[in-house]
Asker: 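Take this structure first; my questions come after.
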2 protein chains.
Amino acid sequence: MTETASRPTLEAVAARAGVSRATVSRVVNGGEGVREPLVERVRRAVEELGYVPNQAARSLVTRRHDAVAVVIAEPETKVFADPFFALQLRGISKELTAHDSQLVLLLTEGREDYARVGRYLAGGHVDGALVFSLHLEDPLPGLIQGAGVPTVFGGRPGWADGTRGDTPTVYVDSDNRGGARDAVRHLVGLGRTRIGHITGPLDQTSAVDRLDGFRDVMVDADPRLIVEGDFTPAGGERAMRELLDRCPELDAVFAANDVSAAGALRVLRERGRRVPEDVAVVGFDDMLPVAEQSDPSLTTVRQDIEEMGRLMARLLLRGLERRGPGGDRDRDREHERGGVGGAPSSVVLPTTLVRRASA
Amino acid sequence: MTETASRPTLEAVAARAGVSRATVSRVVNGGEGVREPLVERVRRAVEELGYVPNQAARSLVTRRHDAVAVVIAEPETKVFADPFFALQLRGISKELTAHDSQLVLLLTEGREDYARVGRYLAGGHVDGALVFSLHLEDPLPGLIQGAGVPTVFGGRPGWADGTRGDTPTVYVDSDNRGGARDAVRHLVGLGRTRIGHITGPLDQTSAVDRLDGFRDVMVDADPRLIVEGDFTPAGGERAMRELLDRCPELDAVFAANDVSAAGALRVLRERGRRVPEDVAVVGFDDMLPVAEQSDPSLTTVRQDIEEMGRLMARLLLRGLERRGPGGDRDRDREHERGGVGGAPSSVVLPTTLVRRASA
DNA sequence: CCTCCCGCTGAGAGCGCTCCCCGATCACCG
DNA sequence: CGGTGATCGGGGAGCGCTCTCAGCGGGAGG
């Protein structure tokens, strides 16, 4: 009755504009099929009252939420704390904002949280999910796909070779393998022959793919030249020492990411090896604060992380549109980035080699 | 009335358990005032049907959303990309999760986004907001406080000396000034006398506070020994050069954060100054990947960033409870950090000096 | 000039849930 | 053993919105 204290409702706007609720609703939702003068009147009423639609009420009937969950399953704080997710989030945020969708962030703290996330997603609180889970044996992706929520993964999930059950898996990834190949070829082009590789943790697809890329070029690499790291500086140091011990005549290293490359750099300096003269080093990621500020600055493989995020969101939203309210319209297939119209399919973004001082 | 395809409703659960909707509702919301056998039966029905409450319907009537917005207004990607926000987010997330609240992330891309954020918050989509806006002249905090949403700020807002309008401003901050004092005192204790300071961008309260702390100890510091930086490595380098040029006999530097300290370190090495022998360096933040991995490792002032986030969330939720729907029930009045039963008030967390190799 | 049709507007029925309120129930006391 | 109070359960009224559907009016065709 009194619309003084609380926020104005559709009803109030309708009264003020001298039209019915339905008309106001139409105007608010795009104004299709309402004559101009009325539209104008309603707009003014909305303005004057400062009306904002009640999303809860809307969701209740439309079953849409204009919200997307972003699930980051990264037990190790360290990994989460690197700029990687921040950049992806930024990309995601931009895209979602452009589509008037909200970003609901779900961080998991170990596996005990998975049930909670699953429940939340299955509960239909969001229209879809963007999921980051980098580990091979992680049950989360499966669990989420089981929840029946449209999902796009960030990075290729461990099991994903296309299909899981009957739902095609959609993911966005960098061309880790191709990027690694470029890196190693660059080293080869520099005339290096004893090229070592510091891998990432091999329970992550990105690390595995980069290792595969390394092997693609170094087809018969001495297995002793491959040491497993863990994407951390300390791991990079350890691996570098190992590498140097095993093969003192090493003349190049490809580290699976920049921070381990930075660790390697430190060890090389400590052992009196000049970079790049004695040992050339290439990293991966082009994490600016690391790559640009290391000494010497790091030659590395750049991936456009923010773009990955943006693309994930775009893919998801597009999928949502397709299955949107009304009938399903299947089966058109396009193959450009992210598809156009058809069911979205996975996208692998290209990488580029950035040459700096270390190789 | 078929409850086959779509998600089960309260009604369905009630039917299955042989009770009324209201009873199921009561059980779902805590089970107060329902007899044990019934509770049990309802629980089982919920379980069997996989019932999940429809949050939209619930919000519609309760006007609560169990969701909190986190607003990060940081135009510069670089700043956002450092681990700072990630850690805060983690802390916030943990606390919110513990209270069954969702985290809605709002990243702003420049000021043109402010209106959107304001509208969103004023729209009553969330129960409260946690806001990060580090810049002095930023209109966002005012705008948000104007939206009438319960808010806790991360870091002291520029204008906050307690009150804005009639709403007390609540924020969580580190003891930047005290931490800076500790850092400088440490340098003094080392016998250093020509101590320079690389500030942060002085449009941020944290930078100003650290500068004030520096001045507290170096009461009559030569103004030439203070150079404005910008919290970036490049800024640190630039400032360090400036400092060295102005005052070659410098024997210590307090940098307002770790990454600028890292930049300073690089310049010192380049100029042939030994650290800490010739010049001692102290940073601020204790950003591990930076502080621990720099060469030499950085003596710095640690702030518990994750704890700040957790505290912000706790303060907000507590404030929400107080003004909660229905009668106020100021039950648990604990006098732990974050205030006692009353209106939450701002909290300033202590910092600690972490001694490493650089000073 | 009348009729048909099309396009715009308004009335009304819920979406799933909470919560108020009243009637039913049960323990217990007189 | 009946009355009384306290407590528990159920019915019903919306929360604010969308969407279907009918109705109404005006323009064009007969």
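Throughout, protein chains are lettered first and strands after them, A, B, ... in sequence-line order, and every chain is numbered starting at 1. Everything numeric in this text was worked out from a predicted model, so none of it was measured. Any value given below was found using the heavy atoms of this structure, including those in side chains, with hydrogens, waters and symmetry copies removed.
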Asker: Nearest whole Å is fine: how far is C/dC19 C1' from B/Arg26 CZ?
Answerer: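 The answer, rounded to whole Å, is 9 Å.
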Asker: So, is B/Ser25 close to the C/dT18 phosphate, meaning a side-chain N or O under 4.0 Å from OP1 or OP2?
Answerer: yes
Asker: What do you reckon, is CD of B/Glu112 surrounded by more than 12 foreign heavy atoms closer than 6.0 Å?
Answerer: yes
Asker: Between C1' on C/dC6 and CZ on A/Arg35, what's the gap in Å once rounded to a whole number?
Answerer: 12 Å
Asker: What integer distance in Å separates B/Asp66:CG from C/dC17:P?
Answerer: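 Those two atoms, CG and P, are 15 Å apart.
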Asker: Of the nucleotides D/dC17, D/dC15, D/dG10, which has the atom closest to the A/Arg58 side chain?
Answerer: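 Closest nucleotide to the A/Arg58 side chain: D/dC17.
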Asker: Can you say whether the rings of A/His125 and A/Tyr120 are parallel (under 30°), tilted (30 to 60°) or perpendicular (over 60°)?
Answerer: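 It falls in the parallel class, under 30°.
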Asker: Are any of the side-chain heavy atoms of A/Val131 and A/Tyr171 separated by less than 4.5 Å?
Answerer: no
Asker: In whole Å, what is the span from the CG atom of B/Leu10 to the P atom of C/dC17?
Answerer: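 B/Leu10 atom CG is separated from C/dC17 atom P by 4 Å.
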Asker: Report the distance from atom CZ of A/Arg63 to atom P of C/dC17, rounded to the nearest whole Å.
Answerer: 10 Å
Asker: For D/dC15, does OP1 or OP2 lie under 4.0 Å from any side-chain N or O of A/Asn54?
Answerer: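 For A/Asn54, the contact criterion (side-chain N or O under 4.0 Å from OP1 or OP2 of D/dC15) is not met.
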Asker: Between D/dC17, C/dC17, C/dC19, which nucleotide has the shortest distance from any of its atoms to the side chain of B/Ala22?
Answerer: C/dC19
Asker: Within the pair B/Thr23 and D/dG10, is there a side-chain N or O less than 4.0 Å away from OP1 or OP2?
Answerer: yes
Asker: How close do B/Gln102 and A/Leu106 get, counting heavy atoms only, and between which atoms?
Answerer: OE1-CD1, 3.3 Å
Asker: Between C/dG16 and B/Thr9, is there an OP1 or OP2 to side-chain N/O distance shorter than 4.0 Å?
Answerer: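 No, because none of the side-chain N or O atoms of B/Thr9 sits under 4.0 Å from OP1 or OP2 of C/dG16.
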Asker: Within this structure, what is the NE2-to-P distance between A/His125 and C/dC15, rounded to whole angstrom?
Answerer: 19 Å
Asker: What integer distance in Å separates A/Leu60:CG from D/dC15:C1'?
Answerer: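 Distance, rounded to whole Å: 9 Å.
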Asker: For A/Arg21 and D/dC19, what is the distance between atoms CZ and P respectively, to the nearest whole Å?
Answerer: 13 Å
